[in-house]
Amino acid sequence: AIVRTLWNDPAIPGQAFDSGASAVIAPMVNTRAQAELLVRAAKYPPMGARSWGGYTALQASGLQPGEYLREANRLTMVFAMIETVEALKNVEEIAATPGLDGLFVGPSDLSITLSNGAGIDKLGAHTLAAMEKVSAAARKNGLVAGAFGGSAEVIKSYTKIGFTFFAAAVDVDLLHWGAAAMM
């Protein structure tokens, strides 16, 4: 399970991991300081300060408590979303944050902020150029470059600029498509 939080709130990553999530994607990470707080909330010491409460995660892992504690930082991933002009400006510093596993782009939000609210263009030249910058920063720092796709065409375009991890669709779309196919 991968959880996209509603905001970059330090209480949420630990709670999501405690519930058994494998990865957390946090929006509105605009600075290195915010990325550091995200890692601190998501990882156990010495990398972070996540509190113990992962009984569901522990049960799902099949590990003993001590083993899970030693392995949890490796078994879980935390992604910082890059979706604003400020985050794009700081992407190199954000990507260099120790303990961060990946960068994730919400291309709709990124295109909205790049166009100053004029519209959504997930395949526009400005959006793709910005996303290429994110992908390059991720590669340079050994991070996973992820993005929301929504369609095979969009995912194919993002693969060409170095993205390797995708949210192909959201749960509501999958339910809608399934119901439409059934009808």
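Note that the structure is a prediction, hence the values are computed from the model and not measured. The figures that follow rest on heavy atoms only: side chains count, while hydrogens, waters and symmetry mates do not.
Outside the 6.0 Å centre-distance limit, the rings of Phe104 and Phe148 are not counted as a close aromatic pair.
Phe17 has its side chain out of reach of Ser22: every pair of non-hydrogen atoms, C-beta onward, lies at least 4.5 Å apart. Between Val3 and Gln15, the closest side-chain pair of non-hydrogen atoms is not below 4.5 Å. Using a 4.5 Å heavy-atom threshold, the side chains of Met81 and Val105 count as separate.
In this structure, a donor-acceptor pair under 3.5 Å is absent between the side chains of Asn90 and Thr31.
Aromatic ring orientation, Phe163 versus Tyr158: tilted (interplanar angle from 30° to 60°).
Glu71 has a carboxylate O that lies under 4.0 Å from a charged side-chain N of Arg74, or vice versa, which qualifies the two as a salt bridge. Here Lys133 does not pair with Glu92 in a salt bridge; the nearest charged N to carboxylate O distance is not below 4.0 Å. A salt bridge is defined here as a Lys NZ or Arg NE, NH1 or NH2 lying under 4.0 Å from an Asp or Glu carboxylate O, and Arg32 with Glu36 meets this definition.
For the atom pair Thr97 OG1 and Gln34 CD, the distance stands at 10.5 Å (nearest 0.5 Å).
A donor-acceptor pair under 3.5 Å is absent between the side-chain atoms of Thr113 and the main chain of Asp109, judged by distance alone.
Both Leu103 and Leu38 belong to a common hydrophobic cluster when Ile, Leu, Val, Met, Phe, Trp and Tyr are linked at side-chain heavy-atom distances under 4.5 angstrom.
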